[in-house]
Amino acid sequence: MRHFLDLSDAGAAGIQAMLDDAIARKQARAGWPKGKVDADAPLSGRVLAMVFEKNSTRTRVSFDMAIRQLGGTSIVMDAGSMQLGRGESIADTARILSGYVDAIMIRTDDHQKVVDMARYASVPVINGLTDASHPCQIMADLETILEAGFALPGLKVAWLGDGNNVLASIMEAGGLMGFDVVAACPQGYQPSDADVARGKGRATVVGTPQEAVEGADIVVTDTWISMGQAHAETKLAAMMPFQVTEALMGVAKPGARFLHCLPAHRGEEVVDEVIDGPQSLIWQEAENRLHAQKAVLRWCFGQI
């Protein structure tokens, strides 16, 4: 049984195989209608359950289209419309859904919920996002970086802002794929030692945005105020010196590119001139959620 709860579940070889597959399948359907099924329909007859305890645009639409393009179908559920929202346990939900569907994707808060879902499910479980990690987003980021002409080994990725779940998965990716992640985060919002350790010696935290961005190939940020977070004014004040501006992008390598997993709060973590500028890859990055997740699904079913 293959679950995709974190990048380490696939390992470096699995990640590379999925990236290769995502890029190849994307190229193979260039110019096709979005609803047309891939020529080989590799997941024909498969059903994916998508469980949402957190709101979503990209995760919901990209996974729905991913299973459709692979020849399967999906069932979309939010916790409020399920017994999960009325106290049924994750374990019982996992057992029940396993009798109806071929795979489960869950987007939730506590990472232990996806661990428990995988423990009790008899079908593959995919982490669509938790407070601890966001591996599907990083698969799309890595695909976007490769398509932009960069090699992963030896790359320098600079992170600005909150030491959150996305950063944790980027650090994990750096340790697996051989690139450096340098994060600049304000005091009180730095990643945990455990998250830094995911980088296997390739992840570091520095004090200033300039130090992080100097010589970087890729500059990444994320929304500072995540869903459900309190004390927004205090956090925003601490984060403002870490805003990604044109001047800060100028400290990076010539040809450096900008990524953001979206949604963006323009004028907070990044200015319009960067997010809409020539260095930005955010729209390609967002589209690649679809292509990367097709590869994740195929990997979970043992096809990659």
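Please read all numbers here as calculations on a predicted model, not as lab measurements. Along the sequence shown, the residues carry numbers beginning at 1.
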Salt-bridged, E172 to K200, with N to O below 4.0 Å?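 So E172 does not pair with K200 through a salt bridge.
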Is a salt bridge present between E214 and K253, judged by a nitrogen-to-oxygen distance below 4.0 Å?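 Looking at K253 together with E214, the answer is no, because their closest N to O distance does not fall below 4.0 Å.
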Any chance you could lay out the side chain to side chain contact (heavy atoms under 4.5 Å, CB included) test for D195 and R198, step after step, and finish with the verdict? CA-CA 5 Å; D195 285 342; R198 294 190 193 200; 3.4 Å; yes
Side-chain contact test, heavy atoms from C-beta onward, threshold under 4.5 Å: evaluate it for [X] versus [Y] and give yes or no.
X    : Y    : result
L19  : L146 : yes
R257 : F150 : yes
V205 : V196 : yes
W159 : V182 : no

More than 12 foreign heavy atoms under 6.0 Å from CZ of R2: is that the case here?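 It does: R2 CZ has more than 12 such atoms within range.
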Crowding at CG, D272 (>12 non-hydrogen neighbours, <6.0 Å):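 More than 12 within 6.0 Å, yes.
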Is there a donor-acceptor contact under 3.5 Å from the side chain of Q243 to the main chain of M239?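 The answer is no, because no donor-acceptor pair under 3.5 Å joins these two groups.
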Expected output: side-chain D20 to main-chain A17 donor-acceptor under 3.5 Å: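 Not a single qualifying donor-acceptor pair exists.
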Using side chain to side chain donor-acceptor pair (under 3.5 Å) as the criterion, point out the one residue from K54, H111, Q112 that pairs with D131.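 That would be K54.
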Regarding E285 and H260, is there a side-chain donor-to-acceptor distance under 3.5 Å anywhere?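 Side chains of E285 and H260: no pair found under 3.5 Å.
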